[in-house]
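Only a predicted model underlies this, so the values are computations on that prediction, with no experimental measurement involved. In the text below, chain A, chain B and the rest are named by the order of the sequence lines, each starting its count at 1.
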Protein chains: 2
Amino acid sequence: MAGRIDRNRAAPDMRGSDLEELIGYNLKRAYVIVQADFRASLGKDGLAPRVFSALSLVVQFPHTTQSALARMLDIERSGLVAIVDELEERGYLARTAVPGDRRVQALVPTTAGRHAYADIIAKVHAHEERLFSGMTRSERQSLLDLLKKFRDLEGQS
Amino acid sequence: MAGRIDRNRAAPDMRGSDLEELIGYNLKRAYVIVQADFRASLGKDGLAPRVFSALSLVVQFPHTTQSALARMLDIERSGLVAIVDELEERGYLARTAVPGDRRVQALVPTTAGRHAYADIIAKVHAHEERLFSGMTRSERQSLLDLLKKFRDLEGQS
DNA sequence: TTGAACTGTTTACCATAATAACAAACTTGC
DNA sequence: GCAAGTTTGTTATTATGGTAAACAGTTCAA
């Protein structure tokens with residue numbers, strides 16, 4: 001144990017490092033964990049997080065346009081095309097013509113889409129329940145509230 | 001205002017949606033905001049977040065190997081090669097031979113690397129200070145603590 | 001001493017996203 | 001009414017960040 005290079009297989013302890021005290025770094029690490037578990041929970045052929053979030057909004061706010069959806073998700077509308085394509089291919093929504101404006105196509109969930117969403121949101125809730133089971137209800141609520149507060153403060157881009 | 005499709009340019013209000021109550025979704029949105037501001041704070045030719053985090057650990061834990069560093073950052077060691085290459089090209093660290101094991105190359109920060117890191121960490125602290133200025137000191141500490149607690153619980157992958 | 005394991009590395013690949021350009025459709029100012 | 005500007009959905013291109021598989025050289029353990 002003298003003068004040897006540390007060659008442990010376990011992750012070395014970084015406690016007290018600058019990194020560990022940065023919110024940004026911890027946010028990223030936490031996000032990676034949650035995202036990986038989300039995917040695992042929805043299975044190999046499950047919806048990717050971004051596709052899920054689009055479906056969620058289409059189910060809860062039917063007849064929104066792609067542009068409006070992109071603004072809600074805060075992504076470019078060009079990026080939404082592939083997401084909507086996938087949801088349409090899965091039969092979860094339809095692009096429907098809007099009388100009065102031939103540019104836009106309102107996004108309408110199908111019955112299958114609403115049913116699939118009900119199943120999926122249940123799995124997602126179970127995933128968060130399991131993943132955060134080591135934290136108390138009030139700790140989870142605090143975390144959620146703090147994240148929302150931060151987004152409210154900085155989100156008016 | 002009757003029967004018309006919502007065509008506002010501003011981001012529609014998603015308050016009360018399922019998405020807004022998911023920790024994972026809020027985590028991601030917060031992460032995207034912080035990461036974008038991080039990059040903006042370090043400028044066009046500044047270090048990317050992952051390169052910064054590698055430099056941080058090399059400065060604070062000199063003579064670690066690439067494998068150990070990859071475990072600390074929880075990324076694949078193949079992915080670390082390009083990061084270490086960049087830091088070496090910038091003259092911030094050196095790969096040095098380790099007597100007794102010709103496989104490993106200990107990562108040692110240069111004097112320039114330590115000075116650069118001091119500058120950069122100051123900018124990073126200023127960035128977080130500015131970004132979270134809408135939250136009280138104790139709110140920020142709570143957020144940090146909750147994120148660390150979550151990582152501690154789930155991090156033993 | 002032979003087989004297993006570890007290190008750094010390259011190559012290939014995948015996922016997520018932004019940017020730029022475009023045609024079609026709509027709106028506005030005159 | 002009409003020209004100029006704007007919005008919508010779309011494609012193509014590019015950047016980024018990461019994993020997986022394979023490999024040669026080296027070390028370790030039975």
Original post:
Partners of B:K149 by side chain to side chain contact (heavy atoms under 4.5 Å, CB included), sequence neighbours excluded?
Top reply: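 If we apply the side chain to side chain contact (heavy atoms under 4.5 Å, CB included) test to B:K149, skipping adjacent residues, the hits are A:M135, A:E139, B:L153.
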Subject >> Those residues that, when tested against B:S41, pass side chain to side chain contact (heavy atoms under 4.5 Å, CB included) (two or more places apart) >> reply: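 Partners of B:S41 by the side chain to side chain contact (heavy atoms under 4.5 Å, CB included) criterion, ordered by chain and then number, come out as B:D37, B:H127, B:R130.
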**OP:** With axes from five pairs an end, tell me the bend angle of the helix from C:dT1-D:dA30 to C:dC30-D:dG1, nearest 10°.
**Re:**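 About 30° separates the two local helix axes.
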Every protein N/O lying under 3.5 Å from an N/O of nucleotides 15-18 of chain C:
from, atom 1, to, atom 2, distance (Å)
C:dT16, OP1, A:R39, NH1, 3.3
C:dT16, OP1, A:R39, NH2, 2.3
C:dA17, OP1, B:K28, NZ, 2.4
C:dA18, OP2, A:E76, N, 3.4

Distance check: side-chain N/O of [X] vs OP1/OP2 of [N], anything under 4.0 Å?
X: B:Q66; N: C:dC6; value: no
X: B:R77; N: D:dG18; value: no
X: A:R102; N: C:dC26; value: yes
X: A:S67; N: D:dT8; value: yes
X: A:R95; N: D:dT10; value: yes

**OP:** Please collect all salt bridge (charged side-chain N to carboxylate O under 4.0 Å, His left out) contacts where either partner lies in residues 44-67 of chain A, sequence neighbours excluded, each pair once.
**Re:**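 Found none.
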Original post:
Under the ring-ring contact (aromatic ring centres under 6.0 Å, His included) test, which residues partner A:F132, sequence neighbours left out?
Top reply: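 Result, ring-ring contact (aromatic ring centres under 6.0 Å, His included) vs A:F132: B:F150.
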Original post:
How would you list all residue pairs meeting ring-ring contact (aromatic ring centres under 6.0 Å, His included) that involve residues 16-37 of chain A, not counting sequence neighbours?
Top reply: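 Qualifying pairs, neighbours excluded: A:Y31-B:Y31.
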**OP:** Would you mind reading off the distance between B:R71 atom CZ and C:dA5 atom C1', rounded to a whole angstrom?
**Re:**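 After rounding, the gap between these two atoms is 12 Å.
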**OP:** Measure the distance from CG on B:D85 to P on C:dT9 and round it to the nearest whole Å.
**Re:**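 Going from B:D85 (CG) to C:dT9 (P), I get 7 Å.
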Original post:
With a 3.5 Å cut-off and just heavy-atom distances, do the side chain of B:R103 and the base of C:dC6 make a donor-acceptor pair?
Top reply: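 Indeed, a donor on one side and an acceptor on the other fall under 3.5 Å apart.
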Tell me which donor-acceptor pairs under 3.5 Å the side chains of residues 111-122 of chain A have, and how far apart each pair is, sequence neighbours excluded?
from, atom 1, to, atom 2, distance (Å)
A:Y117, OH, A:S56, OG, 2.8
A:Y117, OH, B:D18, OD2, 2.6

Subject >> salt bridge (charged side-chain N to carboxylate O under 4.0 Å, His left out) partners for A:D85, two or more places apart >> reply: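 Testing A:D85 for salt bridge (charged side-chain N to carboxylate O under 4.0 Å, His left out), a comparison that skips the adjacent residues, returns A:R95.
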Original post:
Is B:H125 close to A:L22 at the side-chain level, that is, under 4.5 Å between some pair of heavy atoms?
Top reply: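 A:L22 reaches B:H125 side chain to side chain.
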